[in-house]
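The structure appears right after this line, and notes come after that.
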Amino acid sequence: MKATAKAHTNIALIKYWGKRDETLILPTNNSLSLTLDGFYTTTTVQFREELTEDVFFLNDERILDEPYRRVSAFLDLIRKMALREGSYAEIHSNNAVPTAAGFASSASGFAALAAAGSRAIGLKLSEEELSRLTRQGSGSACRSIYGGFAEWQMGNEIDGSDSYAVPIAPQEHWDVRVAAVVLSDVAKDVSSRAGMKRTVDTSVFFDSWVNSIPADLNEIKAGIMSRDFTKVGQTAEANCLKMHATTLGAAPPFTYWQDSTFTVMQTVRELRQQGIPAYFTIDAGPNVKVLYLPENEQQVQETLRQVPGVADVILSRAGQGISYLDEA
Ligand code: DP6
């Protein structure tokens with residue numbers, strides 16, 4: 001009754017930004033991401049008869065507050081599926097996702113938990129079933145089941161049965177790289193969950209955002225299939241700017257950007273003016289991720305490191321989907 005799984009985080013090129021059901025975590029639009037090899041979570045779940053509640057360790061530290069409740073509530077879903085209510089587990093999670101890199105560790109965290117937890121309890125889930133389950137821990141995590149490029153299909157059913165991610169192109173399809181630009185002075189005050197909700201509830205730009213998604217998806221999928229970097233980069237950058245525009249139309253308005261966020265965006269534009277194809281994308285925080293091609297790695301990295309306010313630049317390649325490390 002023990003299993004260990006490893007899951008990588010992902011960066012959305014077409015963003016998930018809005019829920020139509022907050023409990024089941026059902027989105028208002030499809031999204032598309034690239035799984036990254038540099039950032040991952042390894043989780044072991046062991047169901048043990050003598051336990052009367054779940055016990056959760058993150059990076060060897062016992063966790064008792066909100067993250068514990070989220071993990072335990074997620075295991076409730078697995079227990080229900082397996083008809084094993086009343087079975088509790090010891091969970092050990094290790095994050096190789098530098099928190100400062102601004103990647104939500106929740107994506108790799110919930111994907112690894114869903115994979116290890118479902119296997120430890122004896123469920124044999126297909127990738128589609130695993131993605132549907134993972135979605136209920138954190139939306140973006142449902143895309144981390146797959147390596148390379150994956151699309152989360154929002155679905156239409158109210159029970160969420162048709163809302164899960166599907167693979168678009170594997171890790172080997174294309175060597176696109178991502179530089180995570182870590183800013184030195186980062187204050188994140190609105191979580192992605194809270195920011196998303198405020199946007200859905202109040203932003204005057206929200207409907208336009210949702211309506212713009214199908215065209216962006218068509219464009220980026222065509223770009224991925226034909227390995228057209230300009231098309232993929234332009235579409236991802238424009239989609240990110242639209243997502244962030246919705247926050248300015250919310251009440252009260254807010255933005256995730258800081259001064260150095262702008263400086264990095266401008267630096268990426270300057271790289272393009274010098275003939276280096278590079279494009280940015282930004283999630284629910286001030287850090288910037290830059291897409292580039294392998295032949296430009298050195299120049300992109302050196303240029304980004306020199307930007308005032310940049311503390312670190314962490315490079316990553318396309319990553320793999322869920323893997324299982326040991327079982328008993
Ligand atoms: C901006 O998946 O963290 O990174 O479903 O509430 O857990 P919950 O939200 P989460 O939101 C991610 C938002 C985003 C865009 C994306 O990854 O698609």
Side-chain angles (χ1 to χ4, degrees), residues 7-36 39 41 66-67 69-71 73-74 77 95 97 99 101-114 131-146 149-155 160 163-165 168 178 180 188 190-201 203 206 209-210 212-213 216-217 220 235-247 250 254-257 261 280-289 291 319:
H8 292 76
T9 193
N10 67 76
I11 178 75
L13 305 179
I14 304 295
K15 305 291 184 193
Y16 149 50
W17 195 243
K19 292 184 183 69
R20 65 180 199 278
D21 183 317
E22 284 169 32
T23 309
L24 291 173
I25 310 199
L26 298 176
T28 50
N29 63 272
N30 289 22
S31 54
L32 187 147
S33 61
L34 176 63
T35 299
L36 299 176
F39 310 96
T41 303
E66 181 54 26
R69 284 188 285 277
R70 255 181 103 176
V71 163
F74 186 74
L77 300 174
N95 265 342
V97 181
T99 325
F103 281 106
S105 55
S106 65
S108 53
F110 277 100
L113 180 65
S131 177
R132 199 189 289 122
L133 168 67
T134 304
R135 185 202 79 223
Q136 296 172 70
S138 181
S140 54
C142 80
R143 299 181 306 235
S144 277
I145 303 306
Y146 308 99
F149 296 90
E151 179 180 1
W152 176 9
Q153 300 182 333
M154 61 177 283
S163 187
Y164 50 84
I168 294 294
V178 175
K188 179 175 168 179
V190 184
S191 71
S192 54
R193 199 161 273 196
M196 209 183 280
K197 179 165 167 46
R198 193 193 299 176
T199 303
V200 175
D201 290 346
S203 179
F206 187 67
W209 154 253
V210 170
S212 76
I213 299 292
D216 282 1
L217 267 173
I220 207 155
T235 310
E237 191 172 291
N239 184 267
C240 151
L241 292 171
K242 280 183 279 194
M243 173 203 134
H244 285 269
T246 66
T247 68
F254 65 107
T255 182
Y256 288 107
W257 298 351
T261 311
F280 61 78
T281 186
I282 305 163
D283 280 339
N287 290 326
V288 183
K289 317 294 176 325
L291 294 168

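One-based numbering, in listed order, for ligands and for the atoms of each. Just so you know, residue 1 is the first one in the sequence shown, and it goes up from there. Note that the structure is a prediction, hence the values are computed from the model and not measured.
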Between the CZ atom in Arg193 and the OG atom in Ser106, the distance rounded to the nearest 0.5 Å is 8.0 Å
Ala12 and ligand 1 - part of the residue with a heavy-atom distance under 4.0 Å
side chain
If only atom types and distance count, is the side chain of Tyr164 paired as donor or acceptor with the main-chain N or O of Arg143 below 3.5 Å?
no
Would you indicate whether Lys242, at its atom NZ, is surrounded by more than 12 heavy atoms from other residues, nucleotides or ligands within a distance under 6.0 Å?
yes
Arg143 near ligand 1 by a heavy-atom separation under 4.0 Å
yes
Nearest-0.5 Å distance, CH2 of residue Trp152 to CG of residue Asn10
10.5 Å
When you compare ligand 1 with Gly139, is there at least one nitrogen or oxygen pair between them that comes in under 3.5 angstrom?
yes
Does the side chain of Leu133 come within less than 4.5 Å of Phe74's, by heavy atoms?
yes
Any atoms of ligand 1 less than 4.0 Å from a non-hydrogen atom of Ile25? List them with their elements.
5 (O)
Could you verify whether a donor N or O on one side chain and an acceptor N or O on the other, from Thr41 and Asn95, lie under 3.5 Å apart?
yes
Quick note on ligand 1: atoms under 4.0 Å from a heavy atom of Arg70 include exactly 7 (O)
Specify side chain, backbone, both or neither for Ser192, according to which of its non-hydrogen atoms lie closer than 4.0 Å to ligand 1.
side chain
Does any N or O of ligand 1 fall below 3.5 Å from an N or O anywhere on Tyr16, backbone included?
yes
Please could you name the atoms of ligand 1 that Met196 approaches to less than 4.0 Å, counting only its heavy atoms?
9 (O), 11 (O), 13 (C)
Suppose I only count heavy atoms of Ala284 and a 4.0 Å limit; which atoms of ligand 1 are within that range?
1 (C)
Kindly confirm or rule out an N or O of Arg193 lying under 3.5 angstrom from an N or O of ligand 1.
yes
Applying a 4.0 Å heavy-atom criterion (strictly less than), which segment of Arg135 is in contact with ligand 1: side chain, backbone, both, or neither?
neither
Is it the side chain, the backbone, both or neither of Lys197 that has a heavy atom closer than 4.0 Å to ligand 1?
neither
Could you give the distance from CD1 (Ile14) to OG (Ser212), rounded to the nearest 0.5 Å?
8.5 Å
Could you tell me the separation between the CG atom of Asn29 and the CZ atom of Phe206, rounded to the nearest 0.5 Å?
6.5 Å
For Lys19, the atoms of ligand 1 under 4.0 Å from one of its heavy atoms are 5 (O), 6 (O), 8 (P)
Closest heavy-atom pair and its distance - Ile282, His244:
O-NE2, 2.8 Å
